[in-house]
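Comments concern the structure below.
We name chains A, B, ... by the order of the sequence lines, and we start the count at 1 in each one.
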Protein chains: 2
Amino acid sequence: MYTATVDTQERLIESTRELLWERGYVATSPKAIQQRAGAGQGSMYHHFAGKRELALAAIRRTAEQLRAAADAELSAPGTAAQRITGYLRRDREVQKGCPIGRLTQDPDVMADPLLREPVEQTFAWLRTRLAEVLAAGRDAGEFDPGLDPRATAAVVVAVLQGGYVVARAADRDDPFDQAVTGVLALLTRPTT
Amino acid sequence: MYTATVDTQERLIESTRELLWERGYVATSPKAIQQRAGAGQGSMYHHFAGKRELALAAIRRTAEQLRAAADAELSAPGTAAQRITGYLRRDREVQKGCPIGRLTQDPDVMADPLLREPVEQTFAWLRTRLAEVLAAGRDAGEFDPGLDPRATAAVVVAVLQGGYVVARAADRDDPFDQAVTGVLALLTRPTT
DNA sequence: GTCTATAGCAAGATAGAC
DNA sequence: GTCTATCTTGCTATAGAC
């Protein structure tokens with residue numbers, strides 16, 4: 001059985017994903033979700049137990065997509081340096097920031113184990129995956145032989161997340177771009 | 001004329017600073033501020049026009065302190081590398097994050113020019129100051145001669161801000177410590 | 001499945017007594 | 001300066017009709 005258009009449940013999840021990205025969990029009301037989804041009060045509470053359940057579905061989907069997108073870059077053909085560069089330089093909505101990273105600042109999300117879990121897992125996976133790529137690059141002679149894959153993976157993730165913060169503070173994208181450029185320069189400059 | 005103890009106005013500002021740090025602007029209510037300050041409703045509205053005015057005073061003070069603390073490290077005696085290391089390795093409440101950087105994720109703060117201004121200025125100053133120190137270090141032969149001070153300053157700030165994000169996601173401090181260690185290793189490794 | 005009505009409660013602020 | 005009472009609005013959810 002197929003529906004002709006995107007159904008209400010689907011629109012509710014997508015609206016929630018957008019609002020969580022734009023405003024966060026605490027600042028997002030059920031009413032705002034309903035309006036954006038074009039759904040009524042009763043409709044929303046028919047499909048979901050409440051704001052929390054909706055957020056859970058939204059966060060899980062966003063985490064899944066983020067991971068798939070990152071893995072596409074990091075598992076692409078090319079050298080380790082090329083893959084890391086591709087990942088860092090990918091087109092991003094810098095002013096909107098990271099839809100998962102921003103949840104980290106939401107006290108009600110972090111206080112809820114179920115809402116928190118996808119956030120935690122996403123970053124754990126990302127650091128591990130980056131460390132693998134960095135280790136491969138080091139072993140292939142692309143980077144400094146003394147490079148610590150895990151520490152450097154933490155740097156790469158932090159530069160992205162922090163780049164968003166600084167860019168938002170400046171109300172411009174270029175601090176983000178500078179940070180990305182800067183870390184790539186540090187990473188790939190010629191080895192002794 | 002001196003008051004024997006810290007007065008109400010002062011306690012209100014300090015309570016607001018704490019709550020903005022812990023929960024952000026949107027999630028902080030006047031009632032919560034009053035309770036933490038041990039002040040009544042009428043007392044708060046006597047001293048401040050409302051939540052926004054209080055937040056403005058709190059944010060400005062926090063920005064001022066953050067800047068003074070950073071400048072103390074960055075203007076300390078020692079080489080550029082030592083000062084940057086001292087700044088990055090200073091004792092921090094990693095799980096609480098940056099009291100200014102977190103405001104960046106608060107839609108209502110960023111939408112208000114007056115509340116936003118100290119956030120913007122703090123980061124603008126910090127990047128400039130770090131770039132000065134990095135340029136001095138490069139000119140003194142401490143870093144790679146090809147180092148871009150502005151881009152690298154953006155990296156340093158981003159690593160801090162992003163380090164907080166990743167540490168909160170992991171519910172542990174070590175991703176932050178790894179990022180700091182990693183970026184210092186990239187920065188100070190021997191030049192060709 | 002979706003709608004409207006209703007409800008309890010908190011946010012944010014004002015008024016006026018003391 | 002501080003207190004209590006009051007007000008309006010929005011949040012979040014439930015109830016029951018359609």
Side-chain angles (χ1 to χ4, degrees), chain A residues 1-59 103 105-112 114-115, chain B residues 1-59 103 105-112 114-115:
Chain A
M1 186 63 178
Y2 300 90
T3 49
T5 59
V6 178
D7 65 6
T8 299
Q9 184 171 344
E10 182 61 20
R11 289 201 316 278
L12 284 165
I13 294 178
E14 287 301 312
S15 299
T16 304
R17 294 197 331 126
E18 291 173 15
L19 284 163
L20 287 182
W21 196 358
E22 294 167 16
R23 303 197 35 86
Y25 182 75
V26 174
T28 293
S29 68
K31 187 180 178 184
I33 294 170
Q34 293 151 24
Q35 287 176 339
R36 186 167 299 210
Q41 196 99 311
S43 194
M44 177 188 133
Y45 283 102
H46 169 75
H47 290 290
F48 298 93
K51 173 180 170 176
R52 178 175 177 267
E53 296 300 317
L54 242 175
L56 188 56
I59 293 173
L103 298 174
Q105 302 303 317
D106 231 304
D108 291 12
V109 170
M110 299 313 273
D112 184 328
L114 234 46
L115 294 180
Chain B
M1 186 63 177
Y2 300 91
T3 49
T5 58
V6 178
D7 65 6
T8 300
Q9 185 170 343
E10 183 60 21
R11 289 201 316 278
L12 283 165
I13 294 177
E14 287 301 312
S15 298
T16 304
R17 291 192 340 120
E18 292 173 13
L19 284 163
L20 286 182
W21 196 358
E22 294 168 16
R23 303 198 33 88
Y25 182 74
V26 175
T28 293
S29 68
K31 187 179 178 185
I33 295 170
Q34 293 150 23
Q35 287 176 340
R36 185 167 301 209
Q41 194 100 311
S43 194
M44 176 187 134
Y45 283 102
H46 170 75
H47 291 290
F48 298 92
K51 173 180 170 176
R52 178 174 177 266
E53 297 300 315
L54 242 175
L56 188 55
I59 292 173
L103 299 173
Q105 301 304 316
D106 231 303
D108 292 11
V109 170
M110 298 314 272
D112 184 327
L114 235 47
L115 294 180

(message) Looking at every non-hydrogen atom in both residues, tell me the closest pair between A58(A) and L20(A) and how far apart they are.
(response)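 Shortest heavy-atom separation between A58(A) and L20(A) comes out as CB-CD1, 4.0 Å.
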Interatomic distance where [atom1] belongs to [X] and [atom2] belongs to [N] [whole Å]:
X	N	atom1	atom2	value
D108(A)	dC11(D)	CG	P	15 Å
Q35(B)	dG12(C)	CD	C1'	14 Å
K31(B)	dC9(C)	NZ	C1'	10 Å
M44(A)	dT14(D)	CE	P	10 Å
Y45(B)	dC7(D)	OH	C1'	13 Å
Q34(B)	dG1(D)	CD	P	18 Å
L19(A)	dC11(D)	CG	C1'	15 Å
R52(A)	dA13(D)	CZ	P	11 Å

(message) Side chain of K51(B) only, heavy atoms from C-beta on: which candidate in dT2(D), dA13(C), dT14(D) is closest?
(response) dA13(C)
(request) Please test R52(B) against D108(B) for side-chain contact (heavy atoms from CB on, under 4.5 Å), starting from the C-alpha separation and ending with a verdict. (result) CA-CA 10 Å; R52(B) 178 174 177 266; D108(B) 292 11; over 6 Å; no
(message) Any carboxylate oxygen within less than 4.0 angstrom of a Lys/Arg side-chain nitrogen, looking at E14(B) and R17(B)?
(response)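 Judged by the 4.0 Å cut-off on N to carboxylate O distance, E14(B) and R17(B) do form a salt bridge.
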(message) Using a 4.0 Å heavy-atom cut-off, does G40(B) contact any base of the nucleic acid, only the sugar-phosphate backbone, or nothing at all?
(response) sugar-phosphate
(request) Compare side-chain N and O positions of T8(B) against OP1 and OP2 of dT2(D) and report whether any pair is under 4.0 Å apart. (result) yes
(request) Compare side-chain N and O positions of S29(B) against OP1 and OP2 of dA11(C) and report whether any pair is under 4.0 Å apart. (result)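 So the side chain of S29(B) is within the cut-off, an N or O lying under 4.0 Å from OP1 or OP2 of dA11(C).
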(message) With nearest nucleotide decided by heavy atoms, which residue, A32(A) or H46(B), maps closer to the 5′ end of DNA chain D?
(response) H46(B)
(message) Could you check whether any side-chain heavy atom of I13(A) comes within less than 4.5 Å of a side-chain heavy atom of F48(A), counting everything from C-beta outward?
(response)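 Answer yes - side chains close enough.
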